[in-house]
Asks: 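Okay, handing you the structure first.
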Amino acid sequence: MAPMILTLPWGVALIVMPVVGALACYLFRRAAKPLGLMTVTVTALSAAGLALRTTRADSYHHAVGGWGAPLGIELYADGLSVLMLVATAIVACAISFYAARFFDDKEQARFWPLWLLLLTAMNALFLSRDLFNMYVALELTGLAAVALTALTGSQDALSGAIRYLLATMLGSLAYLLGVVFIYHGYGTLDLAMLGQLVESNPVTWLALGLVSAGLALKTALFPLHFWLPPAHASATPPVSAALSALVVKTAFYVLLRFWLEIFPSEGAAPAQLFGLLGCAAVFWGGVQALRARRLKLLIAYSTVMQIGYLFIAFPLGILLAWHGALYLLLSHALAKAAMFLAAGNVLYYGGHDRIADLDHVAQRLPLTVAAFALAGVSIMGLPPSGGFVAKWLLIQASLDTGQWWWTVPILAGSLVAAAYVFKVVGFAFTQAEAPQEAKLVPVSMQWTALVLAVAAIALGLIAPWTLTWLDVGDPFSGAVSR
Amino acid sequence: MNALLPYTLTGVGLFCLGLHALLTHPHLLRKILAVNVMGSGVFLILVALAKRSDSPVPDPVPQALVITGIVVAVAATALALNLLLGLAASSGKAELAEDLDE
């Protein structure tokens, strides 16, 4: 049994399964829901298989069709890719089971093909090893995400989707232009080969600038975050959860790969800039979240803020800092999905998400409010959550490198996060002025949010094990040695 | 290198022109066209890159990339136009809405 698990091409299954499922859902609209659920389950099992394989052996390689890099397409997974894939699989399962109850029959048929295509694109991205495949996967992710944003067809959703589409296209084109300059300079697109070839010259700087700007726009780093709140707040809750928890992380993942493997020696000044923008994002996102009057907009601004934290790791640049950023990414994926699903329950229940009019939600949807509060614990970074471990690692890294000033935004951000989480929880206990009609929320939808929130907390308890796993195949070796 | 330079400059020029239009024009159709102009600029440089060495046989990799890039651009444009039609039908104008927080 064990040797068979180690030899199966799990990486291929992670891409082929969801794309076949998407086509099947599109062709057999009536059966979209069972087909979709089945596909997501099988895809998650493939991610587990790949994870098992990398814990037993070293990193995973697969040359598609027998054509390896640099001529053909090679799939590659080290600890970093596998953790992204596993996190995607867990969040995707939760969102899928939630969506199966949340949408009505007509929406189900529209949701599943796009959702499975999004899953395909994200899996392909995490398994990519060359710059052009990453471009294609990023574009597919963007297109599927935009189409999902516009799912309801409401005016807000369409407007948010177009803004998102224009931003993501602009980001992709800047990235592609950067890749063109890299190909001009070095004649290859393979990440590992570029890492050995790259040298410091104007073409490299230009490429670095274009790629970083494009990906910062797609990751919604302050001040390029303008497209995120309208898109994430106007999409339906399961889609918002996927966008905030997973989709913004894909562009960050690509940026991280560039940084770790191609540009490690170019670092100092741009890294400081990333750190400063990250701080600005923490404060701006926090203040906007505090000011928001709608729950989903608050959660969307909280995403802007949490993305800021990811960029504080760049000026620190040591292994601890990268571990911290990755841990924040994982715990944020779980916690933010839980928050958006909890917001979805509130929206389903009362038909609105105005924070001031939350009418005794704590008594009527106790599981949902518990999920929101627990996810909030991880977002704030209180022990023993995943968010706590992440912030601890970042603070430790800033003290170790003698750059103590980065601890200020990390700690202050936690206070702001606490303020906006308690603002919501506070209103959940009070009575609204106008009584409202309420719709019964299925118990499974409530439990899904809670399970994700508990997972975000539990992530803090399994930190040593997860961090060892992250280092399979040494994804950080290039950047740490400088 | 010298043969490449005019194409690169034109491509970068188109990219900047498109970026300017994308940021300044409020009408969405113009924004979508602007993104396409930017894309054309990038593809122009990519096609010209096929002659990056002196050998008489062009490098096939950039051409393969351009075809993929064009397919992606066409798909994105189709999606954008579709969304634009939906927005124009429901709101009566082809411009982006502002504040969501009411």
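Naming: A, B, ... by sequence-line order, numbering from 1 per chain.
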Asks: Relative to chain A, which segment of V12(B) carries a heavy atom at a distance below 4.5 Å: side chain, backbone, both, or neither?
Replies: side chain

Asks: Do T8(B) and F181(A) touch side chain to side chain, with heavy atoms closer than 4.5 Å?
Replies: yes

Asks: Determine whether Y183(A) and D59(B) satisfy the following criterion, side chain to side chain contact (heavy atoms under 4.5 Å, CB included), listing intermediate values before the conclusion.
Replies: CA-CA 11 Å; Y183(A) 189 76; D59(B) 182 353; 2.6 Å; yes

Asks: Write down the atom of A75(B), the atom of L143(A), and the distance for their closest heavy-atom approach.
Replies: CB-CD1, 4.1 Å

Asks: Which heavy atom of S90(B) sits nearest to which heavy atom of L158(A), and what is that distance?
Replies: OG-CD1, 4.2 Å

Asks: State, yes or no, whether a side-chain contact exists between L4(B) and H184(A) at a heavy-atom distance under 4.5 Å.
Replies: yes

Asks: OG1 of T68(B) to CD of E139(A): how many Å apart, nearest 0.5 Å?
Replies: 11.5 Å

Asks: Apply side chain to side chain contact (heavy atoms under 4.5 Å, CB included) to L65(B) and L189(A), showing your working.
Replies: CA-CA 11 Å; L65(B) 303 189; L189(A) 294 169; 3.7 Å; yes

Asks: Work out which heavy atom in Q155(A) is nearest to a heavy atom in S91(B); give both atom names and the distance.
Replies: NE2-CB, 3.1 Å

Asks: Contact part of L22(B) toward chain A, heavy-atom cut-off under 4.5 Å: side chain, backbone, both or neither?
Replies: side chain

Asks: Taking all atoms of both residues into account, what is the closest heavy-atom pair of S159(A) and L87(B), and its distance?
Replies: N-CD1, 3.9 Å

Asks: At a 4.5 Å cut-off on heavy atoms, which part of L83(B) comes close to chain A: side chain, backbone, both, or neither?
Replies: both

Asks: Any side-chain heavy-atom pair from L28(B) and L166(A) closer than 4.5 angstrom?
Replies: yes

Asks: Is L165(A) in contact with chain B via its backbone, its side chain, both, or neither, using a 4.5 Å heavy-atom distance?
Replies: side chain

Asks: Do the side chains of Y135(A) and V72(B) get nearer than 4.5 Å, heavy atoms only?
Replies: yes

Asks: Side chains of L19(B) and L170(A): closer than 4.5 Å at any heavy-atom pair?
Replies: yes

Asks: What do you reckon, is NE2 of H20(B) surrounded by more than 12 foreign heavy atoms closer than 6.0 Å?
Replies: no

Asks: Under a 4.5 Å heavy-atom cut-off, does chain B meet the side chain of V180(A), its backbone, both or neither?
Replies: both

